[in-house]
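This report concerns only the one structure given below.
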Amino acid sequence: MGSTFECLKRAWYVAAMSSEVGGEGLFHRRILGTSVMIYRLADGTPVALHDRCPHRFAPLHLGERVGDEVACRYHALRFDAGGRCTHNPHGNGRIPDAARVRRFPLLERFGFLWIWMDESDPDPALLPDFSPLEEGHPNAVAQTYMHMDVNYELIIDNVMDLSHIDHVHGEIITTRGQLSPVVPKVRERDTHISARWEWSQTPAMMIFAPFLPRPEDEARHYFDISWTAPANIQLSVGAVQDSDDFGEATSQYDLHTCTPEDAFKTHYFFATRRNHIVDDADYNRKKIEAMHAAFETEDGPIITAVQEEMGEAEFFSLDPVLMSNDVAPVKVRRRLRKMIVEEQAAKAAAS
């Protein structure tokens with residue numbers, strides 16, 4: 001990668017959790033090196049505009065709402081939800097043809113606002129299906145957001161290789177040394193790269209043990225993770241006793257998804273839905289707080305230290321030692337690089 005930031009453009013990235021954008025506020029976030037302002041119309045429809053007035057380049061989120069329009073704080077030019085300037089208070093009020101702000105397509109699904117940053121027509125079919133996050137009791141799903149000063153691919157590496165759990169995390173999700181020796185079964189498909197671990201441990205993971213018939217006894221466990229472009233990892237984990245059917249497991253369905261801010265800053269979003277004590281809102285709150293804290297105090301510092309040590313060097317240029325636990329993340333890195341190169345070539349051929 002070096003100092004040049006490259007990523008897949010014809011893809012959907014999470015711009016924000018749905019809950020982050022509401023009311024009369026003007027939300028802003030930098031995505032793929034571009035400043036974006038997001039707000040909701042009176043009917044609740046989300047809108048994303050380039051967060052830059054075309055006059056003197058003031059951030060529009062510093063302005064104010066005028067109904068469904070936004071007035072720039074600097075010179076009061078007003079823009080509608082399509083990015084068209086509708087009001088110029090200066091001189092004779094003539095509105096220059098170039099007084100337009102780019103609008104970015106949005107999809108609101110699975111508790112997130114997904115943005116299409118490419119200039120091509122958006123393709124809704126490229127957004128993977130994470131509909132389990134929208135099913136069941138509302139108190140069984142939770143989300144959080146973290147900002148990391150790292151390249152987004154380091155976060156993908158971390159989630160695609162779960163062998164670090166016993167070495168990085170505490171008692172709550174330890175596998176008691178059972179996971180690291182297991183070589184995951186890796187599956188490659190046209191749109192997915194997946195890895196699966198299965199193992200037994202005594203007692204079960206603490207996130208599940210209290211909800212199993214015999215909390216102190218052995219339980220069978222599984223991790224199933226699946227990457228889809230550009231930076232989505234769906235992770236399912238569960239534990240079961242008295243059955244060989246993981247369909248009966250006490251389990252949770254998680255989504256980890258990353259959106260690059262730029263080459264070395266990343267917006268990291270997480271959502272989780274469980275199939276046990278689904279109506280307990282307080283447990284839900286504690287669960288997401290624990291996940292957030294674990295990443296900030298356990299994974300996060302290590303990944304940040306890795307980035308600092310790597311600097312701007314490309315991962316493979318450092319000649320990393322690769323082991324059995326690296327199969328899935330390495331396949332993802334190579335698939336993603338192939339997709340980026342192919343996309344760039346197609347754009348060059350079309351220009």
Side-chain angles (χ1 to χ4, degrees), residues 146 148 150-189 192-209 218-228 231-240 246 249-258 266 268 270 272 287 290-310 315-316 318-337:
M146 289 161 280
M148 296 288 298
V150 301
N151 179 269
Y152 72 108
E153 291 187 77
L154 290 181
I155 300 176
I156 297 175
D157 289 345
N158 184 67
V159 186
M160 288 301 295
D161 171 22
L162 296 178
S163 67
H164 70 273
I165 284 180
D166 289 342
H167 317 291
V168 174
H169 295 293
E171 184 69 13
I172 189 70
I173 58 172
T174 181
T175 73
R176 306 184 190 284
Q178 301 304 304
L179 192 65
S180 290
V182 178
V183 177
K185 296 179 180 179
V186 177
R187 311 179 299 279
E188 289 192 78
R189 303 169 187 165
H192 297 68
I193 293 177
S194 303
R196 184 179 179 89
W197 292 257
E198 294 184 11
W199 75 98
S200 296
Q201 68 178 72
T202 307
M205 277 186 169
M206 286 185 63
I207 56 172
F208 297 130
E218 181 183 74
R220 296 182 63 224
H221 294 68
Y222 72 92
F223 275 126
D224 204 290
I225 58 176
S226 185
W227 169 86
T228 51
N232 309 304
I233 301 177
Q234 193 279 306
L235 186 158
S236 294
V237 56
V240 65
F246 279 125
T250 300
S251 63
Q252 65 187 51
Y253 176 102
D254 299 344
L255 174 64
H256 300 252
T257 185
C258 302
T266 299
Y268 180 23
F270 173 78
T272 182
K287 184 176 181 64
M291 185 276 164
H292 191 106
F295 193 85
E296 286 198 332
T297 62
E298 296 170 354
D299 303 80
I302 293 179
I303 297 172
T304 301
V306 168
Q307 182 68 79
E308 291 173 352
E309 183 61 30
M310 288 178 61
F315 179 79
F316 291 111
L318 296 175
D319 195 21
V321 173
L322 299 178
M323 302 181 295
S324 61
N325 54 311
D326 296 303
V327 173
V330 165
K331 284 184 178 293
V332 168
R333 277 186 173 269
R334 289 176 173 160
R335 175 76 67 85
L336 184 56
R337 171 52 45 190

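Owing to the predicted nature of the structure, the values given are computational and were not obtained by experimental measurement.
- Summarising the geometry, atom CE belonging to Met310 is positioned 5.5 Å from atom CG belonging to Leu318; distances are rounded to the nearest 0.5 Å.
- The NE2 atom of His169 sits 8.5 Å away from the CG atom of Leu162 when rounded to the nearest 0.5 Å.
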Note to self: If you apply the rule side-chain hydrogen bond (donor to acceptor under 3.5 Å, both in side chains), what do you find for Ser236 with Asp224, and how did you get there?
What the structure shows: CA-CA 5 Å; Ser236 294; Asp224 204 290; over 6 Å; no
Next item on the list: Walk me through it: do Met146 and Met291 pass the test side chain to side chain contact (heavy atoms under 4.5 Å, CB included)?
Entry: CA-CA 11 Å; Met146 289 161 280; Met291 185 276 164; 4.1 Å; yes
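- Taking the charged nitrogens against the carboxylate oxygens, Glu198 and Lys185 have no contact shorter than 4.0 Å, which rules out a salt bridge.
- Side chains of His164 and Asp299: a donor on one and an acceptor on the other come within 3.5 Å.
- Side-chain atoms of Pro320 and Phe315, non-hydrogen and from C-beta on, do get closer than 4.5 Å to each other.
- Within the 4.5 Å cutoff, the side chain of Trp199 has no heavy atoms near those of the Pro181 side chain.
- Nearest heavy atom pair, residue Ala204 against residue Arg176, reads O-NH2, 4.4 Å.
- A heavy-atom distance below 4.5 Å is not found between the side chains of Thr250 and Val240.
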Next item on the list: Dump the intermediate steps for side chain to side chain contact (heavy atoms under 4.5 Å, CB included) on Phe208 and Val237, then the final yes or no.
Entry: CA-CA 10 Å; Phe208 297 130; Val237 56; 3.8 Å; yes
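- For the side-chain contact (heavy atoms from CB on, under 4.5 Å) test with Leu154, the passing option among Thr266, Ile302, Ile303 is Ile303; the others fail.
- For the residue pair Tyr268 and Val159, the shortest heavy atom distance occurs at OH-CG2, 3.9 Å.
- The nearest pair of heavy atoms linking His192 to Ser226 is CD2-OG, 3.1 Å.
- For the residue pair Pro301 and Glu296, the shortest heavy atom distance occurs at CD-O, 3.1 Å.
- In this structure, the side chain of Asp166 does not engage the main chain of Thr174 through any donor-acceptor pair within 3.5 Å.
- Checking side-chain atoms of Ser163 against main-chain N and O of Asn325 turns up no donor-acceptor pair under 3.5 Å.
- In this structure, His256 contributes its side chain and Gln234 its backbone to no donor-acceptor pair below 3.5 Å.
- If you take OG on Ser194 and NZ on Lys331, they are separated by 12.0 Å, rounding to the nearest 0.5 Å.
- Every side-chain contact (heavy atoms from CB on, under 4.5 Å) that Arg334 has, sequence neighbours left out, goes to Phe316, Val330.
- Between the CD1 atom in Ile173 and the CD1 atom in Ile207 there is a gap of 7.0 Å [rounded to 0.5 Å].
- For the residue pair Ala328 and Ile193, the shortest heavy atom distance occurs at O-CG2, 4.3 Å.
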Checklist line | side chain to side chain contact (heavy atoms under 4.5 Å, CB included) evaluation trace for Thr175 with His221 | finding: CA-CA 9 Å; Thr175 73; His221 294 68; over 6 Å; no
Notebook entry, point to check: Between Glu171 and Met206, does a side chain to side chain contact (heavy atoms under 4.5 Å, CB included) hold up when you go through it step by step?
Noted result: CA-CA 7 Å; Glu171 184 69 13; Met206 286 185 63; 3.2 Å; yes
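- Residue Leu179 holds its CG atom at 6.5 Å from CH2 of Trp197, rounded to the nearest 0.5 Å.
- Arg335 is listed as a side-chain neighbour of Trp227, based on a closest heavy-atom distance under 4.5 Å.
- Electrostatic pairing of Arg337 and Glu153 does not count as a salt bridge here, judged by no charged N lying under 4.0 Å from a carboxylate O.
- Ion pair Asp326/Arg333 not flagged as a salt bridge, since none of the NZ, NE, NH1 or NH2 atoms sits closer than 4.0 Å to an Asp/Glu carboxylate oxygen.
- Looking only at distances, a side-chain donor or acceptor of Thr297 sits under 3.5 Å from a matching main-chain atom of Ala293.
- Phe223 does not carry Arg196 over the face of its six-membered ring by the limits of under 6.0 Å from the centre and within 45° of the normal.
- Within the model, atoms CD1 of Ile155 and CD of Gln307 stand 9.5 Å from one another, a figure rounded to the nearest 0.5 Å.
- Around NZ of Lys287, the count of heavy atoms belonging to other residues, nucleotides or ligands within 6.0 Å exceeds 12.
- Contact of the Asn158 side chain with the Phe295 side chain is registered, since non-hydrogen atoms from C-beta on lie closer than 4.5 Å.
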Next item on the list: Show the numbers, then the answer: is there a side-chain hydrogen bond (donor to acceptor under 3.5 Å, both in side chains) between Asp254 and Gln252?
Entry: CA-CA 6 Å; Asp254 299 344; Gln252 65 187 51; 2.9 Å; yes
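- Contact between Ala195 and Arg187 at its shortest, heavy atoms only, is C-NH1, 4.3 Å.
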